[in-house]
Amino acid sequence: MLSYVSSRVLQTVAVLLVISFIAFLLVQNLGDPLAILLPPDATLAQRDALVRALHLNQPIVARFFSFVVDMLHGNFGISYRTQEPVAKLIAERFPATAELAFVSLLITIVIGIPAGVYCGVRPRSWMARAIMFTSIAGVTLPNFVVGVVLIAVFSVRLGWLPSFGRGATVNLGFWTTGLLTRSGWESIILPAIALSTFQVTFVIRLLRTQLMEVGRSEHIRFARARGLPDRRIWYVYAIKNTLLPVITIMGLQLGNIIAFSVVTENVFAWPGLGTLFLQSIQAADIPVIAVYLIFVGAVFMVINLAVELSYPLIDPRILKRTS
Amino acid sequence: MKNRTRLVCRLALAGSMLVPLTTGAVAADFKFAGPLDAYTLDPHAVSNTLIFAILSNVYEPLVERGADLQLEPALATSWKQIDATTWEFDLRKGVKFQNGDPFNADDVVFSMDRARKGGVKTNLSQVASIAKVDDYTVRITTVSTDPVLPNQIVDWYIMDKEWAEQNGAVEPGSANNKTETYANRNANGTGPYEIASRDPGVKTVFEKNPDWWGKMTGNVDTATFFVIPNPATRVSALISGQVDMIDAVPPQDASQIDTTKGLHVQAGPDLRTVYLQPDVDRDQLIYGSEQSKNPFKDIRVRQAMQLAIDTTAIQKRIMGGYSMPDGLPIGQQVNGWDSELGAPVQPDLAKAKQLMVDAGYPDGFSVTLDCTNDRFMNDEATCLAIAAFLGKINITVTPRAQTTSRWAAQVNPPGYNTSLALLGYSPATYDAGLFLSVIVATRDPKTGRGAFNIGGYSNPKVDALITQINAETDKTKRDGYLHEALKLVKDDVGFIPIHQLKILWGVKDNVDVVQPANFGYPLRYFKVN
């Protein structure tokens, strides 16, 4: 177990370093941060002074080196755009994105898993066919279309739910939450649904195919031959065998939601990391974008690591295979 | 002139509607939304219209622009030029900052020193020094003769010296600081509103300053500004009644707002004017087919381009009527614009084709047009339309539309890496003199003149006039020089004006808002009925 864990952790650290270098290189090509920092009629001398002050005239390798050194000292730099510490900006925006991801994951689990199991167990029933049919819409419709339609129906036409923002939030000191207020819950419903449509349908389809395949496998047929009740066969023996890919996918999807809720956040003016990312890109705010990309990389790696470390709990054979 | 009188009438009308309501006006809550937030609350850190739009409610300059953009006394009650390079300002007495500290000349001197260390120093480049005469009098000395200094300091906000010292905010915020300054998130001005709370990039809450020295004509007690980047969501927020006003209405949604009961679109002039500038400096097209000679150096080609572009069609088809074709690359509200020079050039395709033949380009050439896709209303669509019009005289235009930050890296100094660019500008002083010095003058890296002359236009006669304009204190004479210079610029066709933009707000029918051309949100004039 120890060697399994340490090899996974080491891989994670190596990948993170590579990600930060790539992020840094990408960001250098983004545009001219001076466009936002200087008024349109600044003189060349003022321009040069700012270039020197921001060290934009030094070679990339030197800048990357000082960037990494600063980061290892816990100094993530200061935003060109808002002149706030980058770490603070990200820490302030992260709760919004994390809560959005959490609620949409909840929706995925509550709707996706039962519906997927049902479709897998009774693939021929009219209900399963109806679910499969509507799930096509979930897979094919882009996030922002779902978001705009939800706003048009539930905010503009019916006036039930707010179309933007996060509602009232409660500051817990280390975390601002919108999940303790009524307006917070009202605000999170539409974006969470918009964000979860894809995952819900994805999980339904995945579970269905997995269950149908497991249903034909030998141990299930054997269980059936022994005369075990249907319920026990499906819910105890079959589902366990389908969980591995589902957990992998859900874990990656959680990373995806945190990293790429950019579109949904933009549509709902959700004050999370995605919105911060877009605002920073518009302004070519290099320090924020670089740290954001590294942060997202880290989130992915951590989730992936957690998923991999949970495999042996579900399937003990994995440990035997590696050792 | 017609449009200007209409604007004045509209504002006068708005004013007259507001005045009777000041007595016994009920406390009102006002919610509004825009696409972007002010980057910082520090008034001296960055020179940016958005920051000024928000901060003008909290901080005040010595001289401000009123609803009709005319200069009005703010923290200075009167000012006069006592010699060619010295201006004297009498300060308002009895004014208090929002923390209760009294306002006096020390704060003004401090704010000048602080501002000249920050990003707004570009707006104050004319200032040589400032001196306190007594507690309520200051003198500003300019580097050279400066007849328009009050125009140049309208965005210079006064901060409390004691407050800055107590909170360690003596130095203005800057992008290379290692720590955030206190003034970045906290504000303490003398203005009509205080910042009650702020979540940067999300929302800002304003609360009325009960001790403000001025007389408020609106009735807004608390105002909340939300940042909603997505235009469709912004429109939805207005239609569903969550906000009373939205900024930056997409023109394609304007009719939807106008036809919704209880809402209307309010369109006022934006000082920014969009124009094309070809590179007339290099000997070849760096992004185009002509490598041996530069066709833009031939005035006939530039004239042909101007005649081929139908700006009225762009106004109708692309801008939904929300733009004003212009004959000059400056807006109608800018001092120096007049109806004679400002009349748009009428398109004439036959003549344009003939000019291309005369210039030796009957089969045209190809060139890349640099434009933005997130800076002005429908800028990318305008760019494509221009490409189509120029196609009619066989100039094959490849539009290269990029985000502002990438576009700026492309066309801005020191590279000027463009052969043809779609640009936009509004002089912060509302005076064509600044436009001429920064955009039209021959590039001179030493003095900074012509730094943003992207196409390298150069006319020695215009340069001589600019020197005269910058030294002349007599307004009539100076306006005469402005006219002369702008006429030369127009005749040279070094700049091809497209249109002056409009500011589009979606507003609930029960609120009266004043919409200044400088993008401000002057809450003190707003009235919720």
Side-chain angles (χ1 to χ4, degrees), chain A residues 29-48 50 53-55 75 77-85 88-89 92-93 96 144 147-148 151-152 155-157 159 162-166 169 176 266-269 271 275-276 278-279 281-285 287, chain B residues 33 36-37 39-40 42 45-48 119-123 125 173-181 184-185 199-203 226-230 232-234 236-237 239-242 374 402-409 412-414 425 427-428 434 437-439 445 447-448 451-452:
Chain A
N29 257 326
L30 205 71
D32 185 4
L34 301 181
I36 219 94
L37 291 170
L38 287 173
D41 33 27
T43 63
L44 281 179
Q46 287 159 343
R47 219 188 132 78
D48 287 346
L50 192 61
L54 298 180
H55 305 297
N75 180 3
I78 194 158
S79 156
Y80 290 168
R81 183 175 59 99
T82 68
Q83 303 178 353
E84 291 169 285
K88 187 174 166 189
L89 272 177
E92 272 178 358
R93 299 301 190 88
F144 71 93
V148 168
I151 289 179
S155 308
V156 175
R157 192 141 290 247
S163 61
F164 74 93
R166 210 182 158 201
T169 52
T176 46
N266 177 269
V267 169
F268 288 94
T275 303
L276 175 71
L278 275 187
Q279 286 169 344
I281 284 189
Q282 267 176 345
D285 194 346
Chain B
L36 289 165
D37 195 11
Y39 306 135
T40 166
D42 191 326
V46 187
S47 174
N48 178 288
V120 299
K121 62 172 171 272
T122 43
N123 304 350
S125 54
S174 102
N176 61 318
N177 280 359
K178 288 292 176 193
T179 51
E180 185 185 1
T181 70
N184 192 19
R185 282 209 187 194
D199 191 353
V202 181
K203 68 175 180 185
F226 294 101
V227 180
I228 307 181
N230 187 298
T233 313
R234 215 154 52 235
S236 304
I239 293 180
S240 62
Q242 294 172 74
D374 61 354
Q402 310 184 81
T403 58
T404 307
S405 54
R406 284 203 68 96
W407 165 89
N412 269 358
Y425 180 75
L434 186 61
S437 306
V438 174
I439 309 259
T447 61
F452 285 83

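As a basis for the values below, the full set of heavy atoms in this structure was taken, side chains included, without hydrogen atoms, waters or symmetry mates. Below, chain A is the first sequence line, B the second, and so on; all start at residue 1.
- Contact annotation for B/R234: neither backbone nor side-chain heavy atoms come within less than 4.5 Å of a heavy atom of chain A.
- Between chain A and the residues B/P445, B/A232, B/S125, B/P200, the largest count of heavy-atom pairs under 4.5 Å involves B/P200.
- Separating the CD1 atom in A/I281 from the CG atom in B/D374 is a distance of 11.5 Å, to the nearest 0.5 Å.
- With hydrogens and angles disregarded, a donor-acceptor distance shorter than 3.5 Å links the side chain of B/T233 to the backbone of A/V267.
- B/P229 approaches A/A269 most closely through the heavy-atom pair CD-CB, 3.9 Å.
- Per-residue heavy-atom pair counts under 4.5 Å with chain B were compared for A/R93, A/R157, A/Q279, A/R166, and the maximum is reached by A/R93.
- Among A/V156, A/L278, A/T275, A/L276, the residue with the largest count of heavy-atom pairs under 4.5 Å with chain B is A/V156.
- There is no contact between B/V120 and chain A, counting heavy-atom distances below 4.5 Å.
- Heavy-atom pairs under 4.5 Å with chain A peak, among B/V202, B/D42, B/T40, at B/V202.
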